[in-house]
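Labels below follow one simple rule: chain letters A, B, ... track the order of the sequence lines, proteins then strands, and each chain is numbered from 1.
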There are 2 protein chains.
Amino acid sequence: MTRTADLRQHTDTRERILDAAESLFVDHGFEATSMRMITGRAGVNLASINYHFGSKDALIQNVFRRRLTWLNQERLHALDRFEAEAKGAPLKPHQIVEAFFGVSLCMAADTERGGHTFMRLLGRTYTEPTAFVRQFLAEEYAVVVPRFKQALLRSLPDVPPDEILWRFHFMLGAMSYAIAGTDALQLMAEYELEETDPEALSRRLMPFLLGGLRAPLAGHAGKAKEKGSRRAV
Amino acid sequence: MTRTADLRQHTDTRERILDAAESLFVDHGFEATSMRMITGRAGVNLASINYHFGSKDALIQNVFRRRLTWLNQERLHALDRFEAEAKGAPLKPHQIVEAFFGVSLCMAADTERGGHTFMRLLGRTYTEPTAFVRQFLAEEYAVVVPRFKQALLRSLPDVPPDEILWRFHFMLGAMSYAIAGTDALQLMAEYELEETDPEALSRRLMPFLLGGLRAPLAGHAGKAKEKGSRRAV
DNA sequence: TTATGATTCAAACAACCGTTTGAAACGAGC
DNA sequence: GCTCGTTTCAAACGGTTGTTTGAATCATAA
């Protein structure tokens with residue numbers, strides 16, 4: 001067997017399984033997606049998942065690794081580019097947001113090669129209850145999150161460190177809902193939601209993220225009530 | 001049988017099932033939580049779920065309805081109070097945010113009666129793939145979302161209507177991650193995340209939401225600091 | 001006490017789950 | 001031609017799923 005032909009065979013059914021699993025996971029979740037559904041859509045034999053990946057859990061990890069590794073590299077490269085451009089000076093907040101979330105939205109805009117599907121899946125998985133999935137995500141983000149946190153710390157020196165991390169987390173949530181949420185929004189507001197255009201989404205989301213990221217801290221003068229009828233409820 | 005005793009029996013095991021299901025759904029998701037797990041934790045017979053609720057799907061709906069109806073009523077009441085106070089004038093954005101998200105965070109702060117558990121579950125369910133759950137959520141929100149949208153429209157007359165809805169959606173995502181996310185954050189940043197204090201969360205989240213909600217629209221002059229470094233934090 | 005309707009219970013139901021198996025089919029090297 | 005490692009295939013594995021059943025148990029009303 002030539003080496004190339006060998007790999008072709010491998011990757012052919014492997015990719016078909018990964019594609020089928022990815023889209024089915026988005027629509028039904030991990031648990032509710034059976035291996036028979038996956039192999040059925042992929043047009044391959046039931047046993048081939050265990051043959052190529054070993055188990056269903058290993059398949060899930062491969063679904064993520066296939067795209068997430070590349071995505072995080074792109075995020076870091078974007079940050080590298082801005083930092084090289086800044087020549088040692090702290091980046092501006094909008095550059096950091098652009099490096100992380102802009103790249104993410106760019107991937108979410110790719111509807112043809114499955115980037116959109118994957119980003120929807122990824123957004124929902126941050127809050128995934130399953131232990132091994134969350135631990136796997138933690139490993140994938142172990143290097144990228146501290147890099148962005150440090151960049152934000154330098155960019156916003158007056159903001160306490162843990163505040164930065166929380167706001168990063170808030171931004172992550174807003175983005176996940178924004179991507180996964182064409183459905184959820186259409187769901188809550190039964191009328192038209194015309195624009196699924198990815199560039200329009202970016203134009204909407206980025207100002208929101210920056211506005212939240214740079215918002216004045218609570219306890220700074222505040223807004224009129226603060227302790228008045230703040231939580232009248 | 002007296003009417004009261006009859007109902008007592010009903011609600012006793014009913015409530016135990018609902019409590020057990022709620023906490024198990026948060027930890028394992030709907031599909032991965034079996035009826036035997038639920039009845040086992042509740043200390044009731046396996047068949048009692050089908051006896052009291054009819055099916056597992058109906059149980060899921062009851063888990064939500066038990067708290068969501070009340071939550072949405074509180075949200076509307078808070079809005080009513082602010083509007084009565086304003087005597088016809090448009091509300092300020094922070095009041096609207098307070099009415100919706102402040103009430104939500106207030107429920108999430110209740111760790112003793114399960115409010116915290118439920119809000120974590122609710123946050124993850126907005127992006128839930130299962131069709132019938134999402135449709136159910138849509139019905140529950142059918143009245144409250146338009147009310148808040150209209151209040152926001154009056155409060156921010158310069159912002160286009162669909163922009164408002166998107167930003168409401170972004171805020172929803174940020175809050176969901178904030179509540180569900182003590183785990184996710186601890187996951188991405190392996191070091192300490194000392195404050196789970198609900199009031200501290202409110203102090204962090206609310207400025208972020210308001211900053212995002214009131215952020216200048218894209219296409220306005222651009223990012224080159226808009227008003228100097230007005231909100232440089 | 002007896003009769004009655006509401007709950008609880010142990011047991012079983014068919015259907016599906018993820019995984020394993022051993023044989024069949026395949027393609028490349030001798 | 002034949003051989004050998006890789007991949008595919010149909011079939012079955014034990015176990016779990018949500019649901020149903022019919023008898024046992026309970027509390028009340030007569």
Side-chain angles (χ1 to χ4, degrees), chain A residues 1-25 27-64 128-133 136, chain B residues 1-25 27-64 128-133 136:
Chain A
M1 27 74 194
T2 64
R3 200 92 188 87
T4 61
D6 180 19
L7 286 180
R8 270 277 281 104
Q9 278 291 66
H10 249 93
T11 53
D12 241 29
T13 71
R14 273 182 67 104
E15 292 287 310
R16 297 185 62 173
I17 290 172
L18 289 171
D19 288 341
E22 189 175 65
S23 65
L24 284 169
F25 286 157
D27 289 337
H28 305 98
F30 298 127
E31 299 277 347
T33 302
S34 70
M35 316 200 51
R36 285 163 179 85
M37 291 167 67
I38 298 171
T39 54
R41 172 171 298 196
V44 300
N45 186 269
L46 168 62
S48 53
I49 287 184
N50 286 283
Y51 176 76
H52 285 286
F53 298 98
S55 68
K56 185 184 181 182
D57 285 3
L59 168 64
I60 295 176
Q61 294 200 22
N62 276 272
V63 166
F64 282 100
E128 171 75 20
T130 313
F132 89 94
V133 177
F136 168 74
Chain B
M1 27 82 190
T2 63
R3 200 90 188 89
T4 60
D6 179 20
L7 286 182
R8 269 276 281 104
Q9 277 292 67
H10 250 92
T11 53
D12 242 28
T13 71
R14 272 182 68 103
E15 292 285 310
R16 298 186 60 173
I17 290 172
L18 289 172
D19 288 340
E22 188 175 66
S23 64
L24 284 169
F25 286 157
D27 289 338
H28 306 99
F30 298 128
E31 298 279 345
T33 302
S34 70
M35 317 201 48
R36 286 162 180 84
M37 291 167 65
I38 298 171
T39 54
R41 171 171 297 195
V44 300
N45 187 270
L46 168 63
S48 54
I49 287 183
N50 286 284
Y51 176 76
H52 285 287
F53 298 97
S55 67
K56 185 184 180 182
D57 285 3
L59 168 64
I60 295 176
Q61 293 200 24
N62 276 272
V63 166
F64 282 100
E128 171 74 21
T130 313
F132 88 95
V133 177
F136 169 73

For the side chain of [X], starting at C-beta, report the closest nucleotide among [options].
X     : options                : result
A:A47 : C:dC17, D:dT19, D:dC9  : D:dC9
B:T13 : C:dA12, C:dT8, C:dG18  : C:dT8
B:H52 : C:dT7, C:dG18, D:dC9   : C:dT7
B:M35 : D:dA12, D:dT19, D:dA10 : D:dT19
A:Y51 : D:dC9, D:dT7, C:dG18   : D:dT7

Check for a donor-acceptor pair, side chain of A:T39 on one end and backbone N or O of A:N45 on the other, with a separation under 3.5 Å. no
Please report, rounded to the nearest Å, how far the [atom2] atom of [N] is from the [atom1] atom of [X].
X     : N      : atom1 : atom2 : result
B:M37 : D:dG18 : CE    : C1'   : 14 Å
A:N50 : C:dT20 : CG    : P     : 6 Å
A:L46 : C:dT19 : CG    : P     : 10 Å
A:F53 : D:dT7  : CZ    : P     : 12 Å

For a quick check of understanding: with a heavy-atom distance under 4.0 Å over all strands, which category does A:I49 fall into, base, sugar-phosphate or nothing? nothing
May I ask you to say what A:T39 touches in the nucleic acid, namely base, sugar-phosphate or nothing, with a heavy-atom cut-off under 4.0 Å? nothing
Assess, by modelled atom type and distance only, whether the side chains of A:H52 and A:T13 contain a donor and an acceptor separated by less than 3.5 Å. yes
Does the side chain of A:R41 come under 3.5 Å of the side chain of A:S23 through a donor N or O and an acceptor N or O?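 A:R41 vs A:S23: donor-acceptor pair found between side chains.
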Between A:S34 and C:dC16, is there a side-chain N or O to OP1/OP2 distance below 4.0 Å? no
Distance test, side-chain N/O of A:N45 to OP1/OP2 of D:dT7, below 4.0 Å: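 A:N45 to D:dT7 OP1/OP2: no side-chain N or O under 4.0 Å.
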Let me spell it out: for each of A:V44 and A:R36, pick the nucleotide of DNA chain D with the closest heavy atom. Which residue's pick is nearer the 5' end?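 Here A:V44 is the residue nearer the 5' end.
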Quick check: closest heavy atoms across A:A21 and A:V63, and the distance to 0.1 Å?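 In terms of heavy atoms, the two residues are closest at CB-CG2, 4.0 Å.
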